[in-house]
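Worksheet: the structure to be examined is printed underneath.
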2 protein chains.
Amino acid sequence: MVTLSEENYLKAIYHLAKHENASVSTNAIAQKMQTKASSTTDMIKKLSEKGHVEYQKYKGVKLTEKGRLAAVSVIRKHRLWEVFLVQKLNFSWDEVHEVAEQLEHIKSDKLTQQLDVFLEHPTEDPHGDPIPDCNGNIPSSQKVLLAQIDQNQSCICVGVKDSTTDFLQYLDKHNIALGTKIKVISKESFDESMTLKINKTELAISKEVAHNLFVKIN
Amino acid sequence: MVTLSEENYLKAIYHLAKHENASVSTNAIAQKMQTKASSTTDMIKKLSEKGHVEYQKYKGVKLTEKGRLAAVSVIRKHRLWEVFLVQKLNFSWDEVHEVAEQLEHIKSDKLTQQLDVFLEHPTEDPHGDPIPDCNGNIPSSQKVLLAQIDQNQSCICVGVKDSTTDFLQYLDKHNIALGTKIKVISKESFDESMTLKINKTELAISKEVAHNLFVKIN
DNA sequence: TTTAAAATTTAGACAAGACTAAAAATTTAT
DNA sequence: ATAAATTTTTAGTCTTGTCTAAATTTTAAA
């Protein structure tokens, strides 16, 4: 049994963890949850007890697979309800959040499943965010090629199109991994090359690289 | 602000109060809520503080108008969601209760109102129970013909089927009006006549009368 | 009508989830 | 590398809603 409060913390941790394996700080969670750090520490201990997070004192937390599934299940419900509210009940996109925050905690597998059917298996909520499926898989509809990112925009590396060893080694050498934050400093139109900023160091990349790296805007 | 727990107690009290002015015992509430009497006493005090119930020690509670409205609002939501689950999500009538128990606590006037519109203003839930309107009025769809009331049952006059002057004058002469409380003393099967008690006086009526007067059990 | 039984309330305790203040660990900056 | 600043944890408290056990009031029975 996962309490309402636990679900909210798991969701917060999930959203704060930029990449799969990133650990999330107590303060960041507290800030997102609008609570004090001490309250967060208390909750982290409970989540750790229940196997939802891996916790090392002073080192922040990482979601376990169990925790990730719990978080994603809540997010799935949240986004399905948002679709329902907009499509069926005439809510506007900016009115749905607060209500969906309540509806996401309703516990009934049949309800979620039938709602999904009723809405004809939507893959995105009204804000364009992907809706996880019932197994916790998230359609990566939001990923775009780095080449499509505008100047001065930031994004996060979420995958590669070309997964040859050569390319992966190239990325490795330049400290680009899943979850790496990338800012586009400039784009040259004549050869489609780019200049990036990665962890405070600049990197010039070619068209080939820009067209083989998937990123997520954030 | 009414908490989730308070809402459940108010609902329980509402359902236990047979007639408008009946007071409900602590034990009865405890039994319905699956809690101990001491817990119920605690909650009664809170509800009394907030003006939802009138409370006299050892004498049970009565809902105030404020409390009644709060209870009815929850019941309205419960029944609307039941209609939604059955009509739109293909739940069967016996699967809806548990889920509706959760959904009834979602706080959003717009949600309730739009759900009502989406369902085209249903007046009864899938079990045939009336759905209160947004002002807390309950459609007396539960009205049945007086002829259907069992011996020793009490009911309240809520309307007539035959509205001819003759019939209305007949009712008037015998002090039967909207809201009059009627108790069925006896029923004769051979001619479907009945003996009633109205304001302490007995009245024998024919089949014709029994089949033209709508009453509400309560 | 006095006593026994049943119902109700009080008193004290506990778990969940939050807080404040203080202590401890980590990180940053000199 | 050490002091200062920041982050995190601990310790102790509070509120909500629950419990048990004991005390009190009401009701029922002899």
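Lettering follows sequence order; numbering is per chain, from 1. Everything numeric here is computed off the predicted structure, so don't read it as measured data.
The base of C/dT8 does not come close enough to the side chain of B/S25 for any donor and acceptor atom to sit less than 3.5 Å apart. Side-chain N/O atoms of A/S38 and base N/O atoms of C/dT20 include a donor-acceptor pair closer than 3.5 Å.
Rounded to a whole Å, the OH atom of A/Y58 is 11 Å from the P atom of C/dT27. Look at CG on A/N8: it is 11 Å from P on C/dG17, rounded to the nearest Å. B/I44 places its CD1 atom 9 Å from the P atom of C/dT8, with the value rounded to the nearest Å. When rounded to the nearest whole Å, the span between CG of A/L4 and P of C/dA18 equals 10 Å. Between the NZ atom of A/K45 and the C1' atom of C/dG17 there is a distance of 14 Å, given to the nearest Å. The interatomic distance linking A/D42 (CG) with D/dG12 (P) rounds to 14 Å, in whole Å. If you take CD of A/Q56 and C1' of C/dA25, they are 14 Å apart, rounded to a whole angstrom. Whole-Å rounding puts the A/E7 CD to C/dG17 P distance at 11 Å.
For A/K36 and D/dT9, the shortest distance from a side-chain N or O to OP1 or OP2 is not below 4.0 Å. A close approach under 4.0 Å does occur between a side-chain nitrogen or oxygen of A/Y55 and OP1 or OP2 of D/dT9. Look at B/S39 and you won't find any side-chain N or O under 4.0 angstrom from OP1 or OP2 of D/dT18. At D/dT25, none of the side-chain N or O atoms of B/K59 fall inside 4.0 Å of OP1 or OP2 (strictly under the cut-off). Close to D/dT18, at under 4.0 Å from its OP1 or OP2, lies a side-chain N or O of B/Y9. At the phosphate of C/dA18, OP1 or OP2 sits under 4.0 Å from a side-chain N or O atom of A/S5. Here B/T3 reaches the OP1 or OP2 of D/dG17: one of its side-chain N or O atoms lies under 4.0 Å away. Contact annotation: A/N27 side-chain N/O to D/dT8 OP1/OP2 distance is under 4.0 Å. Listed pair B/K57 / C/dT8 fails the phosphate criterion, with no side-chain N or O lying under 4.0 Å from OP1 or OP2.
At a threshold of 4.5 Å between non-hydrogen side-chain atoms, the residues A/I198 and A/T180 count as touching. The closest side-chain heavy-atom distance from B/L115 to B/W81 is below 4.5 Å. Between B/I106 and A/I106 the shortest side-chain heavy-atom distance falls below 4.5 Å. Taking the side chain as every heavy atom from C-beta outward, B/N152 and B/S186 never approach each other to under 4.5 Å.
As judged by a 4.0 angstrom heavy-atom cut-off over every strand, B/T26 is placed among residues touching the sugar-phosphate backbone only.
Closest to the side chain of A/T35, out of C/dA18, D/dT8, D/dT25, is C/dA18. Of the candidate nucleotides C/dT9, D/dT10, C/dG17, C/dT9 has the atom lying nearest to any side-chain atom of B/T41.
Side chains of A/N8 and A/H105: a donor on one and an acceptor on the other come within 3.5 Å.
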Apply salt bridge (Lys or Arg N to Asp or Glu O under 4.0 Å) to the pair B/R68 and B/E65, showing each step before the final yes or no.
-> CA-CA 5 Å; B/R68 194 191 71 82; B/E65 181 59 11; 3.3 Å; yes
